[in-house]
Amino acid sequence: MTSSVQAEHNQSIIIDVQDVSFRYPGAESNSLSEVNLQIKRGDFVAIIGSNGSGKSTLCKCLNGLIPTYYTGDFAGKVVVNGVDTSQASIAELSKHVAYVFQDFENQLVRPTVFDELAFAPLNFGYEDYKERALQALHMLDMAELKQRWIWQLSGGQKHMTALAAAMALDPEIIIVDEPVAQLDPAHAKLIYDKLALLNERHGKTIIVIEHHTEFIADYCKSVVLLDRGGKVRWTRPTQQALSSVAELTELHIQPPQVTQAFAALHADSRSGNGLYPVTIEQAVEQLQPLLAHRGHRPMSEQHQDHDERHTAHLPYQDNGAQLTAHASCLDHDERHQARPLHPSTNESAQRDNQSRAGREPLVHVEAATSGYQSIERNMSPTLKGIDLAIYPGERVALIGNNGAGKSTLLRLIAGIRKPWSGAVTVCGQDTRKVTPEQLSDVVSFIFQNPEEMFIADHIRADIEFFLKARKQSNTEPFIEHILQTFHLTELQQRDGRLLSGGQQRRATLAIGMAMKPTIMLLDEPTASLDIVSRREMTQLFDELQDHVQAIIVATHDMQLVADWATRVIVMHEGTIIMDTTSADVFQHPQLLDKAALVPPQIVQLSHALKLPSAALSVNQFVEQFRDKEEQDGIYQLSAQA
Amino acid sequence: MEYTNSAHKPSFWEKFSVERIKVELLRTAYGQSMTFLSRFDPRIMIAWYSFFAIVPWFIHNKAVLLGLLLAVAVLTYSSKPSVLVLIVLAIGLISDAAYMLIVSLMFGGGLAAAWALSTLTLKLLVITLASIAVFSSMDPERLSDGLLSIGAPAQFSFGVAYGFRMLPILIEEYNNILYSYRLRGKSPDKKGFLGWRMLVYSFKLSVVAFYPLILNTAKRTRTTVEALEIKGFTYAMHDPKVKKLKLSYLKIRRRDIVFLALSALYIAAVFYVGSFFDA
């Protein structure tokens, strides 16, 4: 094949959606309305849109589940890799399209990884089904998992197996439904790396449904925005798409923090071509010329203005020591600078120390070891001699990668697991001497999977369960109040399982609150939530704060850590490797790296710019620049506004 | 690992936790890849098992039953079954024997009647031990393929393997739902005579916890069904070539024949010897 032909081949349209409308049987409105969409061979596309904009429905049109399996009202035509989907069977189409579901665990139907991979090629009667399975293993570099049982795998490994199983038919197109939502950040990155590999090395066309724009910025080439009611609003290259900050925010999609920061600072000037950096690398690249320029400048000269661009530089203040200054600028038109950052670290740490002094801890964990029994009957510990004291008024975030022991620690405190050695004391009660029922008078534990908490017919009954079991009378006003606080009044007669993800989380919080606990334990409360529901949860946490003495949250959500926690405990392989404040925790990149944690993008940007104290939120970052503006009066463009 | 083994000895009650049951079930299903019985073709095992599961019902000769029992006991021992399974078996047998003794004494049959009734216990013992020996030696995959090859419908044989695949997930979920009840419920204040109130409470919980479990399972099945469609499961059911391809690894070897022949010889010998004891 000559290069020109190849180029043409690469540029050809692999997916052609023409005037497609679809309505699920029995639904009142269309899930897709007159969708027109072309996707080029070799593209890496993100489909974004708010809840109910038909993202999954669109993808199910591409693999033929619609219209063959779901027989709703379908109009239009979908051509995938030259095949008209209405003319082909689902099985036939799966040779062209791989699909990884959002709840990918339920997609795995065989006991071992290799069986799972060989299942589809075998079903299609390929003589070489074993070779195909091996090839898929090889393609994703996961040979070491070949003989493992599915139930031994971590979430990320399961996701990879689901992907590899779909790859065993060697399709040209891969669709992945919300990979980041269900995985911890380190595994999500791994999956994206694999997808990038398939895209670059094997020329596969990748389509992801994604809420997390940081991942889109890092990996995707173009973005399709779906509107409510299943209409395509636009298809744009990634940078242009994510720079449409106002439009995305309006649709409850949060652009990357870097982009938000740049957009906020540019809001008044409207300069340039409307493109902002979307990745940390791009942001740093824009700032790099100045940083490099500043690098060898003596400290004494920092207040002098040698630059024809009229930039001024201030030394940073941190713990009383003067550190090297790093000026930052935003683009070629205007220059902004970071102002001295106020390390909130010391302040809050001091406050914590004061509040702890002379007080009894609510939770006292002494040299506690606990774990699980492996299939070889070995007792393998997930917690190794943990010492920990939790005091009233603390908002604790437990962070660490999967298997670090976060959940086990929460279970020890809730009393549903007893320490093998050592002791756990909760509000003066030794957990080994009381039943979980007795302990539940002071502790409420919110499970990671909300569905495991819905034990009554409707959520009102779920919320009342605790009080009814204790035969408390006149609970009506209290229950009403709880329902209102958590916006559940309308939903109170619904079965918890049938609610949306965000509603389910709210319901579980309400269940916990109705127990009037002293201590509240939450396991991954913001996992698999979209941005709106996430924000809502964070607000509700503030609500909890007034009623609960201490909250302990196990989470992968670093944004939650930055926004909400006062104390952060980093766990790694069953031990506590750091116990500090949320402002301080991100100052230890090596440690976070060890625990496979990824700080929020704005923190990473602060690190990349070598700021002495990282900004924890976009607002903090922007404020630092704004304050600097006012002080120096050098940013005329923005200052005029 | 310094923590392994030495740190913790599970107490008696911990052995009966749901988690422990999960581990034991998984061991029974998947743990034994190399036992004496696991070497044979699944179809041979199914044939062998059918004999030991059906024939004892029609034998009334205690000597013959004892002979069969000896054989299955040795094989059960060789398949290193889970202690938990054996405990359950022991509880069943003891209560069965005790009940027979009580019944025969109450109705004036005396020990003679109990002796006669013990034939039934013996039959049950042979059948259960045979089941334990076979099923802890044969992983669900081989069982499923064996069933498929002797003509069981594809859905059924797939269901066997899929059931085992889902088992750990379901047990885990069941355990958490159980804790949901416990963390919000209230155990009885007074334990009652011999803790009967606690027993009733625990029993009640363990039953009601199935209800949410079933609803959750129903919900997750949707994805599974779609995935099966995509993976060509329905497509394969109408293609005899696939079945052939899938089962091509199953081969009846010489050792399978030898095993069957030896079993037949042994059984014949037992019947012959048994005939001298029969009245």
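The structure presented is a predicted model; accordingly, all values stated were derived computationally and were not measured. Chain letters run A, B, ... following the sequence lines, proteins first and then strands; every chain starts at 1.
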B:R184 side-chain N/O to A:E437 backbone N/O, donor-acceptor pair under 3.5 Å: no
With distance as the sole test, does A:Y69 use its side chain to make a donor-acceptor pair with the main-chain N or O of B:E226 at under 3.5 Å?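 No; zero donor-acceptor contacts below 3.5 Å.
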Given that the side chain runs from C-beta out, which part of B:E141 has a heavy atom under 4.5 Å from chain A: side chain, backbone, both or neither?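 Just its side chain gets close to chain A.
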Report which part of B:K219 has an atom under 4.5 Å of a heavy atom belonging to chain A: side chain, backbone, both, or neither. side chain
Is there a side-chain contact between B:Y179 and A:F447, using heavy atoms and a 4.5 Å cut-off?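 Of all side-chain heavy-atom pairs linking A:F447 with B:Y179, at least one is under 4.5 Å.
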Is A:D441 in contact with chain B via its backbone, its side chain, both, or neither, using a 4.5 Å heavy-atom distance? neither
Proximal component of A:D103, with respect to chain B [non-hydrogen, under 4.5 Å]: both
Do you know which of [options] has the most heavy-atom pairs with chain A at a distance under 4.5 angstrom?
options	answer
B:L215, B:L178, B:D239	B:L215
B:P140, B:S248, B:G185	B:G185
B:K246, B:R220, B:E173, B:K244	B:R220
B:K241, B:M237, B:K231	B:K231

Give me the one residue out of B:T224, B:I169, B:T223 that meets side chain to side chain contact (heavy atoms under 4.5 Å, CB included) with A:E105. B:I169
Can you label the angle between the A:F124 ring and the B:Y235 ring as parallel, tilted or perpendicular, going by 30° and 60°? tilted
